Amino acid sequence: MSDKIRKVEGITKESTETLIAETLAVYPEKAKKKRAPHLGANDPASGSACVKSNKKTVPGVMSARGCAYAGAKGVVWGPIRDMVHVSHGPVGCGWYSWGTRRNMMSGITGVTSFPMQFTSDFQEKDIVYGGDKKLKTLLEEAHDLFPLAKGISVLSECPVGLIGDDINSVAKQSAKDLDIPIIPCNCEGFRGVSQSLGHHISNDTIRDFIIGTREYAEPESPYDIALIGEYNIGGDAWSTKPLLEECGFNVKAVWTGDGELEKIAATHTVKLNVIHCYRSMNYMCKVMEEKYGIPWIELNFFGPTKIRNSLRQLAALFDDTIKAKVEAVIAKYDPIMQAVIDEYKPRLDGKKVMLLVGGLRPRHTIGAYEDLGMDCVGSGYEFAHTDDYDRTAPEMPDATVVYDDPSEYEFEKFADALKPDLVGSGIKEKYVFQKMGIPFRQMHSWDYSGPYHGYKGFEVFARDVDMAINSPTWKLVKAPF
Ligand code: SF4
């Protein structure tokens, strides 16, 4: 949280409210009434949400949202490397989500790690007669063909919940027969309003089927922690985990980037949970706190200012040995980070960025842009809740526009009016803004770059932002005649 209220020249509460009113004007009355509470001017002093959130999307407006299956399979379960994850239903969902989220994995593909597309490929007869028998056979075959897989998750797609299949009883019986964990996850895409309920459902399945079922082989230590809500996009976990280890912590498990089932299952014995993505995994942090008494802390590993604050907040919960190590780590990296800032800040100072991402990055990356001298003039989420917007208010400058589940039309209109120097969003937005002549960075996939987390990540982030904004391409968008 920043301590002083920042302002951006030319942006006032009135200018933002006028922009919102003009944008809403194109909608039919009913849609206008529904969308209005989801757009607002930020009020950092209030420290609370200026928009409504986590409501059903208005039909037909082109939302950027996905579904509960995407939240469960794509986000939470999919990155666990040593399990087979079955997309249970017709072929589409598993196919489109295959390899598109860059949660990197170590191991040997198909032998010890499984970044693959397993599906029950429902046909019409499976809809008519039910898919439970097919699932039972599939689980046997998966176990036979991939004997080193430590477990299997069954991620339901839409039809499974509609036709009344009982994946829970199939999973229970097959887990006994095959003697491996089989986790049924009722994350059909029609549940909830976005990816967000898929996170919650899959957290609940970790609670019901996984946590507390294993123990770590090595003895406990006072510095045992788990890194929660870190999905290793472009290697993010591989730059964060070593940093925490350099500070003296034993990172016993990462949830779930490059994750291992048995390490996740033994997390109930750690001393502290460090959560990065609050939206997707606060549920299990709260469960572990209530059930096992494990406290948790929310940290931010984007950009040197936030990393420094985060490491100090973390050290404050431990003894002098850790505090000294953390200070030594900060002293080691401060000059390296200053060199990065000295190189890139002169090229980016005063530039404006607009963001639209999922449930964490629209607030968590703002500090990293500010480290480079940039201002965030608009930000919003696909599927955040009120507690995320409460956390966003102090991070954004005064009166800047906040948008919840914006339609592509709204986002485009805001960018057209605010003329940002950079838009950071997803693949569905990228080419629209590039055609408008606005530099763009993908803030889900890191545009096939990364990592962006940790000190190592900031060097890559600064280079990428500079490369996007200062590319000579943008001078060539308009024909000279
Ligand atoms: S909404 Fe249903 S059909 Fe579409 S991707 Fe999600 S689970 Fe699959």
Side-chain angles (χ1 to χ4, degrees), residues 53-80 83-103 114-132 134-135 138-139 142 152-168 170-171 182-206 231 256 279-280 357-359 381-385 405-408 425-429 444-445:
S53 54
N54 196 31
K55 299 277 180 256
K56 191 177 174 305
T57 297
V58 176
V61 298
M62 285 183 75
S63 162
R65 278 176 168 175
C67 68
Y69 161 87
K73 186 262 184 178
V75 175
V76 176
W77 279 106
I80 301 179
M83 294 179 73
V84 164
H85 305 287
V86 178
S87 294
H88 189 38
V91 75
C93 331
W95 179 262
Y96 282 102
S97 59
W98 178 18
T100 47
R101 193 159 173 265
R102 300 182 60 242
N103 45 264
F114 305 95
M116 298 156 79
Q117 142 71 330
F118 296 91
T119 176
S120 46
D121 187 16
F122 263 36
Q123 304 299 305
E124 204 171 339
K125 67 175 173 17
D126 302 315
I127 301 289
V128 175
Y129 297 109
D132 284 349
K134 189 177 201 181
L135 178 61
L138 179 155
L139 293 169
I152 305 175
S153 68
V154 180
L155 290 316
S156 293
E157 299 165 7
C158 283
V160 172
L162 296 170
I163 61 177
D165 273 12
D166 189 356
I167 62 163
N168 292 275
V170 177
I182 298 178
I183 294 93
C185 188
N186 292 102
C187 54
E188 291 88 354
F190 58 77
R191 296 184 195 274
V193 299
S194 66
Q195 292 93 316
S196 185
L197 191 67
H199 303 146
H200 198 158
I201 293 168
S202 45
N203 274 231
D204 288 353
T205 55
I206 295 176
Y231 300 106
T256 54
R279 181 69 275 132
S280 63
V357 208
Y381 302 81
E382 291 171 31
F383 50 76
H385 298 204
D405 182 27
S407 65
E408 297 291 339
S425 189
I427 188 66
K428 300 190 296 299
E429 290 74 35
H444 293 272
S445 70

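Start at 1 and go down the list; that is how both ligands and their atoms are numbered. Here the structure is a predicted model, which means the values were calculated and not measured.
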Backbone N/O of S407 and side chain of S63: donor-acceptor pair under 3.5 Å: no
What pairs of residues pass the salt bridge (Lys or Arg N to Asp or Glu O under 4.0 Å) test when at least one of them lies in residues 83-95, not counting sequence neighbours? none
Out of the candidates E382, R279, R65, only one should pair with Q195 under the side-chain hydrogen bond (donor to acceptor under 3.5 Å, both in side chains) rule; please name it. E382
Does atom 7 (S) of ligand 1 have a protein heavy-atom neighbour under 4.0 Å away? yes
Would a 4.5 Å heavy-atom cut-off, applied to side chains only, mark Y69 and S87 as touching? yes
Can you confirm whether F114 sits close enough to I80 that some side-chain heavy atom of one is under 4.5 Å from a side-chain heavy atom of the other? no
Please give me the protein atoms (N, O or S only) lying under 2.8 Å from atom 2 (Fe) of ligand 1, ordered by chain and number. C158 SG
Ring geometry between H88 and F122 (parallel below 30°, tilted from 30 to 60°, perpendicular above 60°): perpendicular
